[in-house]
2 protein chains.
Amino acid sequence: MARKSASGRIGIADVAVKAGVSHATVSRVMNGNFTVDPDVAARVRAAAAELKYQPNPVGRSLALGKTDTIGIVVPDLANPTFQAILRGLSRAAAQDGYRVLIADSFEVSSEESILAGEARRRCDGLVLCAPRMSDAELTEIAPSLHPLVLINRTTDAPDVPSLVVDYGQGVQDIAGHLVELGHTRLAFLAGPPRSASNGMRLKGLEAFKAAHPQVEVTMLEGGSDFDTGHEAVDAVLASGATGILAFNDLVAMGLMSGLHERGLDVPGDISVTGFDDIPFAKYTTPALTTAAVPITELGEQAWHQLRALIRKEGNEVPGSRFQPRLEVRASSGPAKAPRSAVHG
Amino acid sequence: MARKSASGRIGIADVAVKAGVSHATVSRVMNGNFTVDPDVAARVRAAAAELKYQPNPVGRSLALGKTDTIGIVVPDLANPTFQAILRGLSRAAAQDGYRVLIADSFEVSSEESILAGEARRRCDGLVLCAPRMSDAELTEIAPSLHPLVLINRTTDAPDVPSLVVDYGQGVQDIAGHLVELGHTRLAFLAGPPRSASNGMRLKGLEAFKAAHPQVEVTMLEGGSDFDTGHEAVDAVLASGATGILAFNDLVAMGLMSGLHERGLDVPGDISVTGFDDIPFAKYTTPALTTAAVPITELGEQAWHQLRALIRKEGNEVPGSRFQPRLEVRASSGPAKAPRSAVHG
DNA sequence: CCTGCCTGAGAAAGCGTTTTCTCAGTTCGC
DNA sequence: GCGAACTGAGAAAACGCTTTCTCAGGCAGG
């Protein structure tokens, strides 16, 4: 016959009545304030236990001005990279007693800032993951989103740490690896045009071309998923390249699948490389040569940065840059003699 | 020079002052209450726009008794199945203006009920995904979690819709398919012992054995990830089975990878099947025969059920059962002559 | 024995909304 | 032309908690 306040749920008032004290005292006890007589505290605790009282977090949030929740907005929850970031973030935050609220923008860049704003208002901080919005828009809304940390994107706005993977260096490492294997005609199967990480890859390849004038690098349009790779087979063959750098592992897998259907051998006829080293990359046949990104760790670091901001520690490094690690597997091998374009 | 209340953020009071009205009126305007003079409303809207006023959701939640947020607790955010459910749920909920808060129990079943309780208190409803806790515990806490919907788990507790995939039927379909291909010795590479969906598969196989006495079905211990499958190669070979039903696609992929390393051909020597039809299943070599589960749709349905509960519609069906669809691909083929056990 | 300090706990003021209550000022009907 | 019904908007209560303010009572010191 637990008495209830009007709302039907058990509140601080109920336990106050039951323990014969004021609700202020109940609050003190629940929050470990030691200015309370041990006997009274015990009585309150007993009453709380008996009533199975659990403080209402909303009331608590309003009073304390914090929610113990952080938000993350991702462009596409179906993308393994973002899933991994979410996982790392969620785990790290959970260890500090924070929960995470997710928002998926479904690659609609115009929704991002609204979504981000809404999420931010409900949370103590925000992680913006590879936002597709323009630099101008990002800079404009960044202050209203503080505490904010950026992943795979940078901004001029102050006090916004950003964690970026050095995709530029990564593609250069991969390209270098292919050249070492004797490939002189490479092709890059690009990612989504609005993706900043694609931009970094392109810049990396420019640098690579400058340093290796003897190597031919063809740029091909693309995307970020399986189908992109699968549909790119013709373009890849037409390029005459023997070493293909796919935008990411998904694209590489799609490409390998397409090449396989054409009866071509990887890496016998063509070497294919990916990027990211998603868990599946190890298990493709042939196993995929790729650049491993410590992506879960990225999520974890994002939390650490955000935590510093929330706690106003202020002495934190403004961000950091993650180096991919070349992961050589079976999908890359010695170059054949250059093929003529448009091979059967 | 936007004036601020003590907290630093712009509140309803600031708008009220600027528009020269009471904050009650501001609230009325913001919520589309038409008992406000159009002129006054316009003035308020102008003030709100100029101050970029955004209502504080926490205060709103407290007053309204709802958060427009739902929670989901999953045993392992790294599992593609749960990722897909999360995605479906998140998308469907977003369409109705709800956000989702995630909680990952990391397969620690003792944490589940605490996590669930905490999540629930911050949200308007909860989705419990394949909980690992005991039936007794589940039944006990279910009422305190209402509105609650269960995925891949059932309970006696009232008013708890549950969405389950008919794994029992699924394995029977797969087994039937293998038998049609001439396999007479099958093996089942089981999943986590505490998993209810594993239990359903086992029951399905019992039914299958009863209906097909001439077929031998060996049960092998297992798990739910790549490595499980990879490490199971010896046990699989020792069983002498020519048709292997793996617990899920991940396990199947691990197994295929292990078999490949041993120089065995799939499906020439052994047929391997998975379960779930994760996106990658299409792209393994050979492409994986599996049972497709409309898993994203499951998340979507979960939202619909939960929404009905939140809105107290009450006339909803108590849950539903999803039928997997057999997806025949290249990893299953005609049986060879039965092999002797412990093949080289 | 009185002043002053300290301790413990109730009263009350937030936190930022929504919503009910209330009432002044209009409009309408007879 | 006066009471009744209506309209619009402010005052205040409510949501559930934390925290500051305040004060009664106990105790030590002079």
Side-chain angles (χ1 to χ4, degrees), chain A residues 3-45 47-48 51-69 118 120-124, chain B residues 3-45 47-48 51-69 118 120-124:
Chain A
R3 43 169 91 64
K4 307 165 160 197
S5 58
S7 81
R9 264 192 62 78
I10 290 177
I12 202 172
D14 303 292
V15 7
V17 170
K18 175 144 197 146
V21 299
S22 74
H23 49 269
T25 301
V26 176
S27 173
R28 281 188 271 256
V29 172
M30 300 304 290
N31 294 298
N33 184 324
F34 293 114
T35 69
V36 145
D37 184 289
D39 290 350
V40 177
R43 217 166 65 227
V44 168
R45 261 186 276 274
L51 260 35
K52 294 197 204 309
Y53 167 68
Q54 304 282 147
N56 174 329
V58 179
R60 212 151 183 280
S61 291
L62 188 58
L64 292 174
K66 68 200 206 77
T67 62
D68 290 345
T69 301
E118 285 187 353
R120 174 61 186 86
R121 252 170 275 131
R122 298 181 182 275
C123 299
D124 299 343
Chain B
R3 39 171 96 63
K4 309 166 164 196
S5 58
S7 81
R9 265 193 61 79
I10 290 177
I12 202 172
D14 304 292
V15 179
V17 170
K18 176 143 198 147
V21 299
S22 75
H23 48 271
T25 301
V26 176
S27 174
R28 281 188 271 258
V29 172
M30 300 306 287
N31 294 298
N33 184 324
F34 293 113
T35 70
V36 153
D37 184 288
D39 290 351
V40 176
R43 215 165 68 226
V44 168
R45 261 187 276 276
L51 260 36
K52 294 199 205 308
Y53 166 68
Q54 305 282 146
N56 174 332
V58 179
R60 212 150 185 281
S61 291
L62 187 59
L64 292 174
K66 68 199 207 80
T67 61
D68 290 346
T69 302
E118 286 186 352
R120 174 61 185 83
R121 250 168 279 129
R122 297 179 184 276
C123 300
D124 298 344

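Below, read A as the first sequence line, B as the second, and so on, with proteins coming before strands; counting in each chain starts at 1. Atoms considered below: every heavy atom in the structure, side chains included; atoms not considered: hydrogens, waters and symmetry mates.
Of all heavy-atom pairs spanning B/Leu51 and B/Lys18, the tightest one is CD1-CD, 3.5 Å.
If B/Asn33 and B/Val58 are placed on DNA chain C by their nearest nucleotide, the residue sitting closer to the 5' end is B/Val58. In terms of position along DNA chain D, the nucleotide closest to B/Pro38 lies nearer the 5' end than the nucleotide closest to the other residue of the pair B/Pro38 and A/Arg60.
At D/dG16, none of the side-chain N or O atoms of A/Tyr53 fall inside 4.0 Å of OP1 or OP2 (strictly under the cut-off). In terms of phosphate contacts, B/Ser22 brings no side-chain nitrogen or oxygen within less than 4.0 Å of OP1 or OP2 of D/dA11. Distances shorter than 4.0 Å separate some side-chain N or O of B/Asn31 from OP1 or OP2 on C/dT18.
In this structure, the CG atom of B/Asp39 is 11 Å from the P atom of D/dG8, given to the nearest Å. Look at CD1 on B/Ile12: it is 12 Å from C1' on C/dT19, rounded to the nearest Å. The nearest whole Å value for the distance from the CD1 atom in B/Ile10 to the C1' atom in C/dT17 is 16 Å. D/dC17 atom P lies 11 Å from atom CZ of B/Arg121, rounded to whole Å. Rounded to whole Å, the distance from CG on B/Leu64 to P on C/dC15 is 20 Å. Atom CD in A/Gln54 sits about 11 Å away from atom P in D/dC17, given to the nearest Å.
Under 3.5 Å, the side chain of A/Arg28 and the base of C/dG8 form no donor-acceptor pair of N or O atoms.
Distances were taken from every side-chain heavy atom of A/Pro55 (C-beta onward) to each of C/dA11, C/dT18, D/dC17; the shortest belongs to D/dC17. Minimum atom distance to the side chain of A/Ala63 is reached by C/dC15, of the listed C/dT18, C/dC15, D/dG8. Closest contact between the side chain of A/Asp37 and the listed nucleotides D/dC15, C/dG8, C/dT18 involves C/dG8. In this structure, the nucleotide among C/dG16, C/dA12, C/dA9 sitting nearest to the side chain of A/Val40 is C/dA9.
Across all strands shown, B/Ser27 has heavy atoms under 4.0 Å from base atoms, whether or not it also approaches the sugar-phosphate. If you check every strand for non-hydrogen atoms under 4.0 Å, A/Val21 touches sugar and phosphate atoms only. Counting any heavy atom pair closer than 4.0 Å across all strands shown, A/Val26 reaches no nucleic acid atom.
Contact of the B/Asp68 side chain with the A/Arg122 side chain is registered, since non-hydrogen atoms from C-beta on lie closer than 4.5 Å.
Here the CG atom belonging to A/Asn56 is positioned 12.5 Å from the CD1 atom belonging to A/Ile10, to the nearest 0.5 angstrom. To the nearest 0.5 Å, the span separating NZ on A/Lys66 from OG1 on A/Thr69 amounts to 9.5 Å.
Test A/Ile12, A/Asn31, A/Thr67 against A/Arg60 for side chain to side chain contact (heavy atoms under 4.5 Å, CB included) and you get one pass: A/Asn31.
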